[in-house]
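Working notes, beginning with the structure itself.
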Number of protein chains: 2
Amino acid sequence: MHYSSDFLAAHAHLREAAQARRDGLLQAGLYNEGTAGALMTSEYSSLDNGLSASQAIDMLRREAADAETIYQSYVLDERRNVLGTVSLRELILAAPDQPIEQIMQRRVICVATGTAQEQVARLIREHDLLAVPVLDELARLVGIVTCDDALDVVVEEATEDFHKGALITTHIGNLRDATVGLLYRKRVLWLVLLVFGNLFSGAGIAAFEETISAHIALVFFLPLLVDSGGNAGAQSATLMVRGIATGEVMMRDWLRMLGRECGVALALGATMAVAVASLGVLRGGPEIALIVASSMLVIVLIGSLIGMSLPFMFTRLKLDPATASGPLVTSIADAVGVLIYFGIASQVLDI
Amino acid sequence: MHYSSDFLAAHAHLREAAQARRDGLLQAGLYNEGTAGALMTSEYSSLDNGLSASQAIDMLRREAADAETIYQSYVLDERRNVLGTVSLRELILAAPDQPIEQIMQRRVICVATGTAQEQVARLIREHDLLAVPVLDELARLVGIVTCDDALDVVVEEATEDFHKGALITTHIGNLRDATVGLLYRKRVLWLVLLVFGNLFSGAGIAAFEETISAHIALVFFLPLLVDSGGNAGAQSATLMVRGIATGEVMMRDWLRMLGRECGVALALGATMAVAVASLGVLRGGPEIALIVASSMLVIVLIGSLIGMSLPFMFTRLKLDPATASGPLVTSIADAVGVLIYFGIASQVLDI
């Protein structure tokens, strides 16, 4: 870890920052929360180029007290650029006088200081890494993120996604110790917004007041139909949100997913239409059964398509898709469901 | 790894099973899915008691080709009971002739073959372990679970919890490649069940048909009030489900949580009551405003209490609490909301 003199002259303040980083003082302030830079430790093990395996082990022995891990080390040149990586296992298995250049892996999976922490965790998980090196904008090694950091990130991110899916605005910390005031602040915003959002459902119902007054049996099926659209939508949205979060689903898959979703939703809607048609006959006769069954089919289809599209739309708009998996999808699907149901009912009944 | 002869005589079949396990053939069949036994690898590094540090390193060098990790090793007696654990870092730092009994940690965090995999992952995460040893019913070492296995478990469990929260019955595998038929089967059961569950809401509305006919403006506020209870309930349920999953919240915390939830829900309900009261005055006069505001307060309170209690109840009944975080809570809160709203309305209006 030696600097070349011209580099030092030009970047004296950077050097100080790097020193402070090693002291663990400034790290939190230098990098944005949620990035590799904020997550990494600067206590990595580095090896000078040109050592033999046994010399490398001796060097690690001296570094061991300060290093987060000595099991994965990085071979650096004088500018702290990474030439390769070598595991302690490889060093132990090598002949003692073998040069580390012959042992080390030259293709190193690395991330930048600004890389999102969930992306870092995904790399560690997919490649079964003990640690991933973090490079600055000049490709110099500034730290590592280890597997146990990744474990914390994955748990934290999943928790945040869960909370966002229930429209809880931000991170709450340990739930057990959260105060009434904190919980109130995290939950109130979206609840009040959704009250006003639900005015659309109310206005939809008000627009069909005459039809409802004339056929009060329609109200019996209102919660059932409207909720079904919301439930189907919540399922689709949750599948997509989680697929995007784990990296299984990409933006470019949207069109293909949409086609498949139509097939699934039509099959689900048809099954549920049969279920409610029988109730419709019992409660209001064949005309009501027809209205209720056809409404169910359309509502489940539209609800599912809204549910699967919103997370993609949120991602495209640089919003967090996790917000689009719970009550928000349900509320939108509800309002649409009211319009579909009474729209179909007034068409059939008012002729 | 030697067996005592009397043990062998009594447990010959167990020995064969252990051998097959080492061959990696029977592992999937021997242990239940989701347990440490099914997750572990039997390719751990073990050390004989009585070695020096340098002899231990030599022994690990010979085992390295077969072992999942040589960074954490277990010192075993002749019955494969764990005497202690030692890391390669500790061996490298020790004087070459130091006996490993002096280096090893004697307090070893272990799990049983039947331990739930999320519990294993939690231990690895909380204690920053590279691996955790898995013991059979005779406290013999049979395998290890490593940090990267834990990472996979945490992602998989979070995904399952997300899906269950949207009432998607079981694991879907890679969403991108799931077929229409598979998705239909995973989603249809709960959707149809909830259709029948929503009959309670419908029946509640039907019971108040007279009140509704006389005061049709009440229908305008129906989706808004009913949804608010569901939304508040979904928030509470999600917080609890996730708190239980991450181990932040225990069963014994229920009563304290219930008290706090009352405070939060009353504050939320009061805020939302103010919001809808103004709408009530505009739409139906002061009497409607009073009904709508007081209904909102009660509905949000009851919805929140249902939302926070269900996950605990599911846990107590040995059901998965994650099922209780989405549409199920919403549907139950909906039905209760209908009864509260029209109950209050008929009391106020029919005097």
Side-chain angles (χ1 to χ4, degrees), chain A residues 61 64 70-71 89 92-93 125 128 147-148 150-151 154-155 158-159 162 166 168 174-176 180 183-184 187-188 191-192 194-195 198 201-202 205-206 209 213 216 219-221 223-224 227-228 231-232 234-235 238-239 242-243 248-249 260 263-264 267-268 271-272 275-276 326-327 331 334, chain B residues 61 64 70-71 89 92-93 125 128 147-148 150-151 154-155 158-159 162 166 168 174-176 180 183-184 187-188 191-192 194-195 198 201-202 205-206 209 213 216 219-221 223-224 227-228 231-232 234-235 238-239 242-243 248-249 253 260 263-264 267-268 271-272 275 326-327 331 334:
Chain A
R61 195 175 280 137
I70 59 166
Y71 299 138
R89 181 182 193 139
I92 289 230
L93 284 174
R125 187 164 75 87
D128 282 348
C147 182
D148 53 87
L151 205 47
V154 165
V155 171
T159 302
F162 267 99
I168 297 160
N174 193 315
L175 177 62
R176 214 162 154 272
V180 170
L183 287 168
Y184 172 82
R187 291 174 58 179
V188 71
L191 284 182
V192 172
L194 287 181
V195 165
N198 268 306
S201 299
I205 293 176
E209 258 176 26
S213 299
I216 203 82
V219 181
F220 180 83
F221 293 99
L224 182 158
D227 255 29
S228 294
N231 292 340
Q235 285 186 332
T238 300
L239 285 172
R242 193 58 193 159
E248 277 171 28
V249 176
R260 189 182 61 182
V264 177
L268 290 170
T271 310
M272 293 158 79
V276 290
S331 291
D334 278 5
Chain B
R61 196 176 278 136
I70 58 166
Y71 299 138
R89 182 184 193 139
I92 289 231
L93 284 176
R125 187 163 76 87
D128 283 349
C147 182
D148 53 88
L151 204 47
V154 164
V155 171
T159 302
F162 267 99
I168 296 160
N174 193 315
L175 177 63
R176 218 164 151 268
V180 170
L183 286 169
Y184 172 81
R187 291 174 58 180
V188 72
L191 284 182
V192 172
L194 287 182
V195 165
N198 268 306
S201 299
I205 294 177
E209 257 175 25
S213 299
I216 203 81
V219 182
F220 180 83
F221 293 98
L224 184 157
D227 255 29
S228 294
N231 292 340
Q235 286 185 333
T238 301
L239 284 172
R242 193 59 192 159
E248 276 171 28
V249 176
D253 297 323
R260 188 181 62 183
V264 177
L268 290 170
T271 310
M272 293 159 80
S331 292
D334 279 6

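We use all heavy atoms of the structure for the numbers below, so side chains are in, but hydrogens, waters and symmetry mates are not. Chain A is the first sequence line, chain B the second, and so forth, proteins listed ahead of strands; every chain is numbered from 1.
For A/N231, the parts sitting under 4.5 Å from any heavy atom of chain B are the backbone and the side chain alike. If you measure heavy-atom distances from A/I70 to chain B, the contacts under 4.5 Å come from both the backbone and the side chain. When heavy atoms are compared at a cutoff of 4.5 Å, A/F221 does not approach chain B at all. With a 4.5 angstrom heavy-atom cutoff, A/R242 touches chain B only via side-chain atoms. Using a 4.5 Å cut-off between heavy atoms, B/I92 touches chain A through backbone and side chain atoms alike.
Of all heavy-atom pairs between A/P327 and A/A166, the closest is CD-CA, 3.9 Å. For the pair A/S331 and B/D227, the tightest heavy-atom approach, listed with the atom from each and the gap, is OG-OD2, 3.6 Å. Taking every heavy atom of both residues into account, A/V219 and B/I205 meet most closely at CG1-CG2, 2.9 Å. In terms of heavy atoms, A/G202 sits closest to B/P223 at N-CG, 3.8 Å.
Most heavy-atom pairs under 4.5 Å with chain A, from the set B/D334, B/L224, B/V192: that is B/L224. Ranking B/L194, B/V249, B/L191, B/V264 against chain A, the residue ahead of the rest is B/L191, based on heavy-atom pairs under 4.5 Å. Between chain A and the residues B/G326, B/G243, B/S228, B/A64, the largest count of heavy-atom pairs under 4.5 Å involves B/A64. Highest contact tally toward chain B, considering only A/A275, A/A267, A/A150, is held by A/A267 [criterion: heavy-atom pairs under 4.5 Å]. Ranked by heavy-atom pairs shorter than 4.5 Å toward chain A, the options B/V188, B/D253, B/L93 are led by B/D253.
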Side chain to side chain contact (heavy atoms under 4.5 Å, CB included) between B/E209 and A/F220, intermediate numbers included: CA-CA 9 Å; B/E209 257 175 25; A/F220 180 83; 5.5 Å; no
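A/R187 places a side-chain heavy atom less than 4.5 Å from the side chain of B/L239.
Panel note: side chain A/Y184, backbone B/G263; no donor-acceptor pair is recorded below 3.5 Å.
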